[in-house]
Protein chains: 2
Amino acid sequence: MKLGQATIKDIAKELNVSSSTVSRALKDYPGISKETKRRVKELAEKLNYRPNAVALSLRKSKSFTIGVIIPEIVHFFFSTVISGIEEIAYANGYNVILCQTNEKHQRELSSVEAMLDNQIDGLLVSYSKETEDFSHFSKLLDQNFPIVFFDRVPDIKNTVNVTVNDFKGAYDATTHLIEQGYKKIVHLAGPKTLTISVKRQEGYLAALHDHGIISKPEWIIPCQNGTQEESFNFTTELFKDQANRPDGVFASHDISAAGAMMAIKDLGLNVPGDVGIVGFSDWQFSSMVDPPLSTVSQPGFQMGEKATSLLLEMIDKKKEENWLPKTLVLATELVIRKSSSKKIHS
Amino acid sequence: MKLGQATIKDIAKELNVSSSTVSRALKDYPGISKETKRRVKELAEKLNYRPNAVALSLRKSKSFTIGVIIPEIVHFFFSTVISGIEEIAYANGYNVILCQTNEKHQRELSSVEAMLDNQIDGLLVSYSKETEDFSHFSKLLDQNFPIVFFDRVPDIKNTVNVTVNDFKGAYDATTHLIEQGYKKIVHLAGPKTLTISVKRQEGYLAALHDHGIISKPEWIIPCQNGTQEESFNFTTELFKDQANRPDGVFASHDISAAGAMMAIKDLGLNVPGDVGIVGFSDWQFSSMVDPPLSTVSQPGFQMGEKATSLLLEMIDKKKEENWLPKTLVLATELVIRKSSSKKIHS
DNA sequence: TTGTATGCGTTATCAT
DNA sequence: ATGATAACGCATACAA
């Protein structure tokens with residue numbers, strides 16, 4: 001959309017100087033008389049001149065725009081991350097262009113293409129559940145294109161990542177359940193395609209093992225969608241059999257945990273009396289459910305900030321350099337609420 | 001970031017034709033021999049040619065990018081709207097560039113500037129709570145720059161807006177409380193700077209009036225921040241006095257409602273037995289609190305879709321035309337859950 | 001059927 | 001201290 005926006009040419013014409021003079025005057029280049037500078041700046045001010053960022057992008061092959069690929073915007077954790085990304089990008093004069101994949105691989109591919117067409121300077125990625133082939137990213141990395149992966153980190157060599165200590169978070173949560181006296185603890189697991197899911201499951205298993213509990217395969221319930229309904233159904237199925245009823249749930253995130261909690265309450269069981277529950281992520285609602293949900297909180301905003309800082313660093317460096325691959329691991333924190341507090345509340 | 005991206009020139013050079021020929025061949029312009037077309041397209045494919053969107057923007061004075069200004073990303077309703085926006089924009093080949101104002105007027109101003117510098121084709125706006133002067137928008141509108149306001153609609157003439165029937169939503173919610181037998185209904189009101197807050201309050205008052213209830217000024221509690229803590233405190237203060245204790249709460253959104261619910265439960269009162277509560281927005285958590293929260297649901301995704309469709313329409317039309325101002329009002333829906341169901345549950 | 005020239009807004013490189 | 005020119009990548013009016 002063309003506004004009445006004044007350009008350098010307009011200023012030049014009006015002052016009877018060349019556009020290069022105007023350009024230099026505006027940027028306080030040496031070798032421009034004070035008088036000219038004053039006149040140019042005054043007129044620029046008056047015409048409300050603002051440089052055309054698109055022309056600059058073309059000229060400099062740099063757009064001051066970064067792309068963000070996320071699975072879903074309507075997701076407390078991811079929206080928190082975006083907020084952190086936005087903050088740092090904005091503070092450094094970068095624009096953020098956003099695409100959600102809705103967990104579709106195809107959509108991920110086309111979004112990346114579209115962003116590249118727009119000459120983004122770098123990419124922040126949390127890939128989709130469907131994605132198992134990462135060649136669209138590794139191709140870019142081979143050309144030294146700056147990418148930082150956050151939360152969901154792909155299995156590619158030499159990447160720069162920001163993630164949380166999912167293993168430890170899960171280990172701590174499970175240990176906490178055990179220490180509260182729960183013994184038959186099931187795990188509502190996330191999709192196997194995500195490293196975070198795998199790590200959380202490993203943490204869960206390690207905790208059981210370290211406390212001498214022999215894990216049973218049927219205790220691990222794969223939840224592909226991660227919806228409340230899904231875990232509600234699985235949990236109902238699993239807990240309705242009085243004989244082998246479990247007494248603890250560690251869910252790979254709070255939505256699953258909430259579904260499990262509703263199922264367990266519907267079966268007439270008491271939380272935390274009969275069953276202890278811990279989730280993952282500390283969603284907004286988690287402190288408001290009844291009983292309030294224990295969970296592993298993730299520093300989403302900080303993750304966004306860190307990932308963006310790293311990306312901007314990479315962009316600033318010369319293209320020729322190789323980034324040193326690294327993974328920044330942020331700490332999670334176990335938030336103990338009533339849903340897992342057997343010793344106090346029952 | 002410059003990748004090894006091939007340009008039209010590269011193709012032209014390799015095939016010993018002019019770049020205009022390549023340009024035309026790629027776009028199936030008439031008057032290019034089949035043979036040339038074939039050769040060009042083949043090589044383009046081979047070199048993985050993709051047009052440079054920045055160059056196109058400059059050339060066409062059109063960026064295929066729309067800007068979105070919202071108060072906060074970490075907000076269930078707004079993230080839902082963004083999701084709707086993204087969907088329509090993406091489907092029409094538009095990029096979305098995003099800025100959150102964090103409810104700061106200053107930030108709103110600079111975000112708009114930055115977006116204009118980037119030659120966005122149009123703007124979707126939900127303005128900040130601090131904003132009382134809309135000249136930054138009206139200036140653009142005067143130049144016929146396409147803007148669609150959603151949810152929070154400013155007091156400017158001749159704008160295009162998408163909103164929900166806040167008055168009716170509030171009226172229905174309050175009427176429902178009255179019909180359930182609640183008589184002393186307070187209102188946790190939003191900031192006066194927002195039309196939506198005003199409308200909701202008006203709907204509340206109208207419902208009381210139409211049912212012969214004389215509203216008391218002290219029943220209207222202004223909540224500036226809209227946090228849970230804020231409404232928790234106000235509610236505690238208001239309900240601890242047994243003598244004049246109200247028996248109903250209509251909150252301008254679910255977070256306030258949740259704070260009120262916690263306060264009321266903490267005072268030992270029963271919901272919905274002693275006090276009925278209805279919120280606004282139907283956040284994800286609202287069905288999970290105890291008791292599940294009645295609320296007025298807003299079609300956020302649809303709002304994003306509609307607003308974007310309208311904006312793209314405006315962009316497509318000639319700049320010279322004046323858009324006909326209009327306000328699209330989407331329907332809310334009263335979702336009745338336990339928190340307000342006195343007749344059934346107590 | 002194809003090529004040449006020009007311009008979108010800016011800046012870098014040479015002049016003068 | 002300032003101006004002229006070219007270039008970023010593309011599309012198009014005009015020539016041939």
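Since the model is a prediction, treat every value here as computed from it, not as a measurement. Lettering follows sequence order; numbering is per chain, from 1.
Closest to the A:A55 side chain, of the nucleotides C:dA12, C:dG9, C:dC8, is C:dG9. Of the candidates C:dT11, D:dC8, C:dC8, C:dC8 carries the atom nearest the B:L58 side chain, counting heavy atoms from C-beta on.
Applying the ring-ring contact (aromatic ring centres under 6.0 Å, His included) rule to pairs touching residues 39-68 of chain A yields A:F64-A:Y94, sequence neighbours excluded. Within the structure, every pair that satisfies the salt bridge (charged side-chain N to carboxylate O under 4.0 Å, His left out) test and touches residues 75-104 of chain A, not counting sequence neighbours, is listed here: A:E86-B:R107, A:E87-B:R107, A:E103-A:R152, A:K104-A:E130.
A:S23 places no side-chain N or O within donor-acceptor distance of the main-chain N or O of A:S19, the cut-off being under 3.5 Å. The closest donor-acceptor contact from the side chain of B:S309 to the backbone of B:E305 lies under 3.5 Å. Between the B:N118 side chain and the B:I120 main chain, no donor and acceptor come within less than 3.5 Å of each other. At least one donor-acceptor pair under 3.5 Å links the side chain of B:S63 to the backbone N or O of B:Q119. Looking at A:T7, its side chain does come within 3.5 Å of a backbone N or O of A:K9 through a donor-acceptor pair.
Remark: A:K27, A:Y29 in residues 27-48 of chain A come within less than 4.0 Å of DNA chain C through at least one heavy atom. Contacts of residues 14-21 of chain A with DNA chain C (heavy atom under 4.0 Å): A:S20.
Taking the screw axis at each terminus of the helix from C:dT1-D:dA16 to C:dT16-D:dA1 from five consecutive base pairs, the angle between the two is 60° to within rounding of 10 degrees.
Using a 4.0 Å cut-off, no side-chain N or O of B:K62 falls inside it from OP1 or OP2 of C:dC8.
Residue A:A89 comes nearest to A:T308 through the heavy atom pair N-CG2, 3.9 Å, listed as atom of the first residue, atom of the second, then distance.
Among the candidates B:R38, B:R39, B:K46, the single residue satisfying the salt bridge (charged side-chain N to carboxylate O under 4.0 Å, His left out) test with B:E42 is B:R38.
Side-chain contact annotation: B:T131 with B:E108, donor-acceptor N/O pair under 3.5 Å present. Inspection of the A:Y90 and B:S110 side chains reveals an N or O donor paired with an N or O acceptor under 3.5 Å.
Between A:K9 and B:V22, the residue anchored closer to the 5' end of DNA chain C is B:V22, taking for each the nucleotide with the nearest heavy atom.
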Nucleotides 14-16 of chain D: which of its N/O atoms have a protein N/O under 3.5 Å away?
none

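When the shell of 6.0 Å around NZ of A:K129 is examined, it contains more than 12 heavy atoms from other residues, nucleotides or ligands.
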